[in-house]
Protein chains: 2
Amino acid sequence: MAPGTGRTPLSSSRVLVAAVELADEAGVDAVSMRALAQRLGVVPMALYKHVASKEVLLDGMVDQVLIEIEDPDPALDWRAAVRARVLGARRAVLRHPWARRAIESRTRRTPVVLGHMDAVARLLLAGGFSPDLTHHVMHALGNRIWGFSPELFEEEPAQGAALPDPEQQAEMAREFAQRFPGILAVATAATGGDLSAVGQGCDEDFEFEFALDLLLDGAERLHRAGWTSPARSTVHP
Amino acid sequence: MAPGTGRTPLSSSRVLVAAVELADEAGVDAVSMRALAQRLGVVPMALYKHVASKEVLLDGMVDQVLIEIEDPDPALDWRAAVRARVLGARRAVLRHPWARRAIESRTRRTPVVLGHMDAVARLLLAGGFSPDLTHHVMHALGNRIWGFSPELFEEEPAQGAALPDPEQQAEMAREFAQRFPGILAVATAATGGDLSAVGQGCDEDFEFEFALDLLLDGAERLHRAGWTSPARSTVHP
DNA sequence: TTGACGAGGTGTACAGCGTACGCCTAGCGT
DNA sequence: ACGCTAGGCGTACGCTGTACACCTCGTCAA
């Protein structure tokens, strides 16, 4: 505000936004207190007046991504609504490639995080699910609630590795085929037989929806069958 | 060997074992090159003669956990076999509390990692699954292949936080109930109505098997229905 | 016996990290 | 006019991973 200095003062929101931008541009590892401070034209310790610690900063960055999630059309039935909200989360997370890792590594449940979980839970409850079944279904969805599936297969196989030598490469391929025939079969199926594209062969969006629908199918079946959780013993074994 | 010094020389295996022990005792964050070296009675840089970097060390530690996985009885049918192998992975991972996080954060696919994935893939293929369906099912299983589900809900809510004050606590509970009624309903269902145990209310083993069976059920149904993946366009949208 | 060699342990040093602590200054309420 | 406080600054500490040079053995060829 002060026209002399001409610098709008920091705020925790300004810090968070800058941190997200920095992570978007240079990856989450590039977000150090020092780098972030420099980007804001400020000395590192100034940040601590607005965020308590780096951990809290990361929590806030995740929040920043999650608040982009849109509410689904309230006219949808439970299944379409859950699907829509989860895919909305996916869109938000995909906009920020670092967010997946960041979400996995966070343990604190901020109000924003709780808000999304609450929204999903309410959609299921509104669909007639018992709280019990809702609970288990949310567990089964797991991180898919946040819009991503775990990276089972490698994303970027080598990047700058510069495959060493065709002869040696063929030898490695032979050995791989012998040691891991199962993976080979699965990978070639995924790429339609194109061995050279094994790494990038997965259509992640398809995999995500495949698993999501598998889980929602199962949930629907259990719901319709009136599933209830087996009696719980109150004593530990 | 040399009786004068009386010190068995290092080896990458000895380093890995020591690192796993250290992580078991003090957590994975306590595994620094310096701390590990000290435990081995050696100077930090000596480790680098046996492991290329900290990243590789962590990969090796994960391998160390994964080689504990037992092969399932070959007489089992595909479903029981997959179930057994995945639950075997779970037992191995649960023996080392840090392993879950470590596996999530690793991106390199070591031979040991590939070996486990290969074993699961082969069980499905041997059960008559097409490579295509096998691929998608493995994606759907996701990290559950490694024997853990994502920590959707908090594990240790406060630990040493020392709840501040009964009055204030009740106020927070009121606000929570108003903002997150869905979560509250689900959480109380999970604990059988005992609000004070909301954090620890989940039987993780039950949740794991619930989700696993949901996924295997779905997979079985698709398999029996002769599911095949929709035709793939070779051109991107 | 000698001498080279390589494997493996040592020591020093550097750049980077998060952050505790104290200082300084501008704006505001009394 | 005064003091309080919010907020930015500077310094410093302990920790991290690891590059690089060095030294010291055990082994083996000549």
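Within every chain, numbering begins at 1; the chains are lettered A, B, ... in the order of the sequence lines, protein sequences first and strands thereafter. Computed from a prediction, not measured in an experiment: that's the story for all the values here.
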Can you list, by residue number, the residues of residues 48-56 of chain A that have a non-hydrogen atom closer than 4.0 angstrom to DNA chain C?
->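 By residue number: Tyr48(A), Ser53(A), Lys54(A).
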
Got a list of side-chain donor-acceptor pairs under 3.5 Å for residues 27-44 of chain B, not counting sequence neighbours?
residue: Ser32(B); atom: OG; partner: Ala35(B); partner atom: N; Å: 3.1
residue: Arg39(B); atom: NH1; partner: Glu21(B); partner atom: OE1; Å: 3.0
residue: Arg39(B); atom: NH2; partner: Glu25(B); partner atom: OE1; Å: 2.6
residue: Arg39(B); atom: NH2; partner: Glu25(B); partner atom: OE2; Å: 3.1

Picking from Arg91(A), Arg85(A), Arg90(A), what satisfies salt bridge (Lys or Arg N to Asp or Glu O under 4.0 Å) with Glu70(A)?
->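 Of the listed residues Arg91(A), Arg85(A), Arg90(A), the salt bridge (Lys or Arg N to Asp or Glu O under 4.0 Å) partner of Glu70(A) is Arg91(A).
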
Mapping Ala30(B) and Ser11(A) to their closest nucleotides on DNA chain D, which lands nearer the 5' end?
->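 Residue closer to the 5' terminus by nearest nucleotide: Ser11(A).
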
Between the base of dG17(D) and the side chain of Arg34(B), is there any donor-acceptor pair under 3.5 Å?
->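 Side chain to base: pair present.
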
How many Å lie between CE on Met33(B) and C1' on dG9(C), as a whole number?
->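 After rounding, the gap between these two atoms is 14 Å.
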
Can you check the Arg14(A) CZ to dG8(D) P distance for me, whole Å?
->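 Spelled out: CZ on Arg14(A) to P on dG8(D) is 9 Å.
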
Please name all residues satisfying side-chain hydrogen bond (donor to acceptor under 3.5 Å, both in side chains) with Asp24(A), sequence neighbours left out, ordered by chain then number.
->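 Result, side-chain hydrogen bond (donor to acceptor under 3.5 Å, both in side chains) vs Asp24(A): His96(A), Trp98(A).
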
Non-neighbouring partners of Ser11(A) that pass side chain to side chain contact (heavy atoms under 4.5 Å, CB included), sequence neighbours left out =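 For Ser11(A), the residues satisfying side chain to side chain contact (heavy atoms under 4.5 Å, CB included) (neighbours in sequence not counted) are Ser13(A), Arg14(A).
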
Only counting residues at least two apart or in another chain, list the ones meeting side chain to side chain contact (heavy atoms under 4.5 Å, CB included) with Ala140(B).
->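 Applying side chain to side chain contact (heavy atoms under 4.5 Å, CB included) to Ala140(B) gives Phe210(A), Ala211(A), Leu214(A), Leu215(B).
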
Name all pairs fulfilling the ring pair (Phe, Tyr, Trp, His ring centres under 6.0 Å) condition that reach into residues 166-189 of chain B, sequence neighbours left out, sorted by first residue then second.
->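 Qualifying pairs, neighbours excluded: Phe176(B)-Phe180(B).
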
Of the nucleotides dT16(D), dG18(C), dG10(D), which one has an atom closest to the side chain of Ser32(B)?
->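 Among the listed nucleotides, the one closest to the side chain of Ser32(B) is dT16(D).
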
Whichever of Met45(B) and Asp29(A) has its nearest DNA chain C nucleotide further upstream toward 5' |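 Its nearest nucleotide lies further toward 5', so the answer is Met45(B).
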
